[in-house]
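Data block below; observations after.
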Amino acid sequence: AQSVTQPDIHITVSEGASLELRCNYSYGATPYLFWYVQSPGQGLQLLLKYFSGDTLVQGIKGFEAEFKRSQSSFNLRKPSVHWSDAAEYFCAVGAREYGNKLVFGAGTILRVKS
Amino acid sequence: DTEVTQTPKHLVMGMTNKKSLKCEQHMGHRAMYWYKQKAKKPPELMFVYSYEKLSINESVPSRFSPECPNSSLLNLHLHALQPEDSALYLCASSAEDFTGELFFGEGSRLTVL
C-alpha cells in the first residue's frame with residue numbers, strides 16, 4: 001500500500017537558520033513527489049514537484065528538494081528561513097498508475113523564532 | 001487565472017439542514033476534487049471528477065453528494081450531517097493529463113451543530 005511518512009510533527013528553527021523537512025514514501029510504482037505548504041485556515045499551495053530527471057528540484061520561495069530513490073526520500077530544504085515561512089508543510093506522493101489520487105503525509109508544522 | 005474559488009468561506013448548519021458548497025475554476029482543468037481536512041490532519045480525498053464524471057468516491061457517506069454541472073463548477077451538497085463532519089472542505093483541480101499538481105481553493109470551513 002502507498003504511504004507517506006513525515007517523521008517530524010513540529011520543527012522550530014531560528015530566523016535565518018537552515019531548514020530540512022523529511023519525507024519518506026513507500027510506493028509500488030514510479031512516484032510523482034510534491035511538497036505543499038498551508039498557512040492557517042488557508043488552502044494548500046504547491047512549493048515544488050518531482051516527476052523525473054534531475055533529482056534536485058527548485059521551487060518557489062527559495063525552497064528545494066532532493067529525490068533519493070535509494071532512500072525513498074524527498075526532503076525539503078531551505079538555506080535561510082524567514083518568519084513568513086511559518087506554516088504547515090505536507091509531502092505528497094502520486095503515480096500515474098493510481099490515477100488522480102495523491103497520498104499526503106501527516107504534515108510538519110514549522111515554527112520560526114526570531 | 002490560476003485560482004480555485006470556493007464559497008462560502010464559512011458555513012454553520014444544523015443536522016437537519018440542507019446546504020451546498022461551491023467551487024469554480026477557470027484554468028481549463030478537467031479534473032476536480034473534494035478533500036476534507038480535520039484540524040491538524042492532512043487532507044483526505046473524498047471525490048474526484050474527471051471530465052465531469054465521478055471517477056473516485058472514497059466510500060464517502062451518502063449525506064455528502066457531489067455534483068459537477070460543467071467543467072468549471074463543482075458542488076458538494078450536504079444533508080443530515082453530523083457534528084463530526086465539521087471540517088475544512090477543500091476543492092482542487094488539476095490538468096486533464098494528471099500531472100498530480102493540484103490547485104487548491106482556500107476552503108470552506110463547515111461547522112455542524
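Just so you know, these numbers come straight off a predicted model, no measurement behind them.
- If you chain together hydrophobic residues whose side chains sit under 4.5 Å apart, B:Phe64 and B:Leu54 fall into the same group.
- Within the 4.5 Å cutoff, side-chain heavy atoms of B:Tyr35 are placed close to those of A:Leu102.
- Nearest heavy atoms, B:Pro42 versus A:Gly105: CB-O, 3.1 Å.
- Counted within 6.0 Å of NE2 on A:His10, heavy atoms from surrounding residues, nucleotides or ligands total more than 12; the atom is thus considered enclosed.
- For chain B, the nearby part of A:Leu46 is the side chain; its heavy atoms alone come within less than 4.5 Å.
- Proximity to chain B is limited to the side chain of A:Gln38, based on heavy atoms less than 4.5 angstrom apart.
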- Message: For A:Glu88 and B:Lys40: C-alpha separation, side-chain torsions, deciding distance, then whether salt bridge (Lys or Arg N to Asp or Glu O under 4.0 Å) applies.
- Response: CA-CA 9 Å; A:Glu88 188 159 19; B:Lys40 302 189 188 303; over 6 Å; no
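- In this structure, the side chains of B:Leu102 and A:Tyr36 come closer than 4.5 Å at one or more pairs of heavy atoms.
- Atom CD1 of A:Ile9 is surrounded by 12 or fewer heavy atoms from other residues, nucleotides or ligands within 6.0 Å.
- Using modelled atom types, no side-chain atom of B:Tyr33 and backbone atom of A:Lys101 make a donor-acceptor pair closer than 3.5 Å.
- When the shell of 6.0 Å around NZ of A:Lys113 is examined, it contains 12 or fewer heavy atoms from other residues, nucleotides or ligands.
- In terms of hydrophobic clustering, with Ile, Leu, Val, Met, Phe, Trp and Tyr side chains grouped at heavy-atom distances under 4.5 Å, A:Ile109 and A:Leu47 are assigned to different clusters.
- A continuous path of Ile, Leu, Val, Met, Phe, Trp and Tyr side chains, each step under 4.5 Å between heavy atoms, connects B:Leu21 with B:Met15, placing both in one hydrophobic cluster.
- Neither the backbone nor the side chain of B:Glu44 comes within contact range of chain A; no heavy atoms are under 4.5 Å apart.
- Taking B:Cys91, B:Gly105, B:Pro43, B:Gly107 one by one and counting their heavy-atom pairs under 4.5 Å with chain A, the maximum is reached by B:Pro43.
- Both A:Ile60 and A:Val57 belong to a single network of hydrophobic side chains, linked directly or stepwise wherever heavy atoms of I, L, V, M, F, W or Y lie under 4.5 Å apart.
- Contact of the A:Gln42 side chain with the B:Leu88 side chain is not registered, since no non-hydrogen atoms from C-beta on lie closer than 4.5 Å.
- Follow the hydrophobic side-chain contacts under 4.5 Å out from A:Phe90 and you reach A:Phe51 in the same cluster.
- Residue contact with chain A, scored on non-hydrogen atoms closer than 4.5 Å, is absent for B:Gln6.
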